[in-house]
Amino acid sequence: MTEHVEWGEPDVPAVPVQTAAVTPADAADAARLVAFGLQPKLQPARDQEYAELLRRYREDPAFARLADAVATGLGLVVLEVSPRAGMAVTAAEDSVFAVRMGDYARRTSADSGDRFLHGLAHLAVAAMAFPRPEDLADDGYIGRVSVNGVDAFVRQACRRLEERADEHGENTDPATDAPGLEAAWRIWARRSSTGATKDARRLAGSTTGIIGKAVAFLTDSGFLQRTGDDGGGTYRTTARYQLQVRDMAGSAAMAELLELGIVPVTDGTASLLPAEDTEDLELAADAGLPFHS
């Protein structure tokens, strides 16, 4: 009696795919690229090493994964890697590089109650710089803002919010730590636009002083570029700031501000009545990454 045995393909041990080992030099280059990304004012076109590492990132997937891993390990989120923006990163909430609004407010004001005003100033600058979704989607779009224009915009928003509160019978003062724009508009509306000092400079605690601190911070962070002194200081956006605003565009507060329908969409010239007293503000230097609450 003959047994019939079915023969299949012989078992062949899997051959591991050979991949190039990561060398210490590769890790150093990846970390160097992330370090360049943490220097927001540095332009790739003006630094040959930076431009070469960006080219390697785009052409070498293994190197790109390594650089992304280095960034992730530092608590950074890579927004874009391109010649226009360089290696644009933002800090995750648990990153050592995270800058929190509370810390920022303490550095710019002795009054912790001003935290809302500093946050609203940053929100208003972003809303005025990129008022439409298509502005954020267009890589070639450049937003322009001025200190006095932002203050006029926020005060107009305050009037709109006051009207809305009156219509709903909600004309009562909210607690200063309550969430949302409704908690901030009365504080802003009651604050002087410029204040007064003996040398006629704006007070740091005035609303234009607060906005001045915000745009100084954004300029030192590589998000804005100062273009002139008109309107208390005029600024244009950078590619890196556009990426940051894209990242925050879904926030409820920004959506609420834009839904008020008062953001001017222009060719960059002023379209809102500026506040009085347009003397330039002596801005304090600062640096850092976007805020976390």
Side-chain angles (χ1 to χ4, degrees), residues 32-47 50 54 71 74-109 114-115 117-130 135-136 139 141-147 149-150 204 208-228 232-249 251 253-254 280-293:
R32 181 69 172 155
L33 178 57
V34 175
F36 279 131
L38 288 170
Q39 301 176 61
K41 287 187 175 181
L42 183 62
Q43 299 180 11
R46 297 184 179 180
D47 190 292
Y50 193 5
L54 287 174
L74 292 172
L76 300 171
V77 177
V78 179
L79 299 177
E80 180 176 301
V81 179
S82 67
R84 80 179 188 111
M87 186 168 197
V89 295
T90 188
E93 187 171 356
D94 58 350
S95 173
V96 67
F97 297 103
V99 179
R100 301 182 184 280
M101 179 56 76
D103 298 334
Y104 170 84
R106 281 192 292 273
R107 288 202 300 268
T108 55
S109 172
D114 283 357
R115 175 176 173 177
L117 303 186
H118 287 283
L120 185 54
H122 279 272
L123 187 67
V125 171
M128 284 199 73
F130 302 102
D135 300 332
L136 278 177
D139 288 346
Y141 181 85
I142 297 175
R144 292 176 173 83
V145 299
S146 71
V147 170
V150 172
T208 51
I210 288 171
I211 296 166
K213 296 287 187 180
V215 294
F217 178 92
L218 293 170
T219 300
D220 288 337
S221 300
F223 298 140
L224 296 178
Q225 294 175 345
R226 184 159 182 150
T227 58
T234 55
Y235 300 81
R236 57 178 284 174
T237 60
T238 65
R240 188 175 285 255
Y241 189 50
Q242 186 180 47
L243 293 171
Q244 295 289 348
V245 178
R246 282 178 187 171
D247 192 51
M248 66 174 282
S251 71
M254 187 167 183
D280 197 13
L281 174 67
E282 182 180 346
L283 302 177
D286 208 335
L289 291 167
F291 299 118
H292 292 281
S293 59

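In this text the structure is predicted, and so the values were computed from the model without any measurement.
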Any side-chain heavy atom of [X] sitting closer than 4.5 Å to one from [Y]?
X	Y	value
M87	F36	no
V125	F223	no
L79	V89	no
L76	L38	yes
D220	K41	yes
F217	H122	yes

Nearest non-hydrogen partners of [X] and [Y], listed with the distance:
X	Y	value
G37	R240	O-NH1, 3.0 Å
A129	Y241	CB-CE2, 4.1 Å
Y141	T237	O-OG1, 4.4 Å
G232	V147	O-CG2, 3.4 Å
V78	A71	CG2-CB, 3.8 Å
A239	A85	CB-CB, 4.2 Å

Query raised in the report: What's the verdict on side chain to side chain contact (heavy atoms under 4.5 Å, CB included) for T238 and L224, showing C-alpha distance, side-chain angles and the deciding distance?
Result: CA-CA 6 Å; T238 65; L224 296 178; 5.8 Å; no
Kindly say whether [Y] contributes a backbone atom to a donor-acceptor pair with the side chain of [X] at under 3.5 angstrom?
X	Y	result
R226	G228	yes
T90	V77	no
T227	R236	no
R246	L136	yes

Query raised in the report: Stepwise, does the side chain to side chain contact (heavy atoms under 4.5 Å, CB included) test hold for D139 with R84?
Result: CA-CA 9 Å; D139 288 346; R84 80 179 188 111; 3.3 Å; yes
Query - Spacing of R144 atom CZ and Q225 atom CD [to the nearest 0.5 Å] - result: 10.5 Å
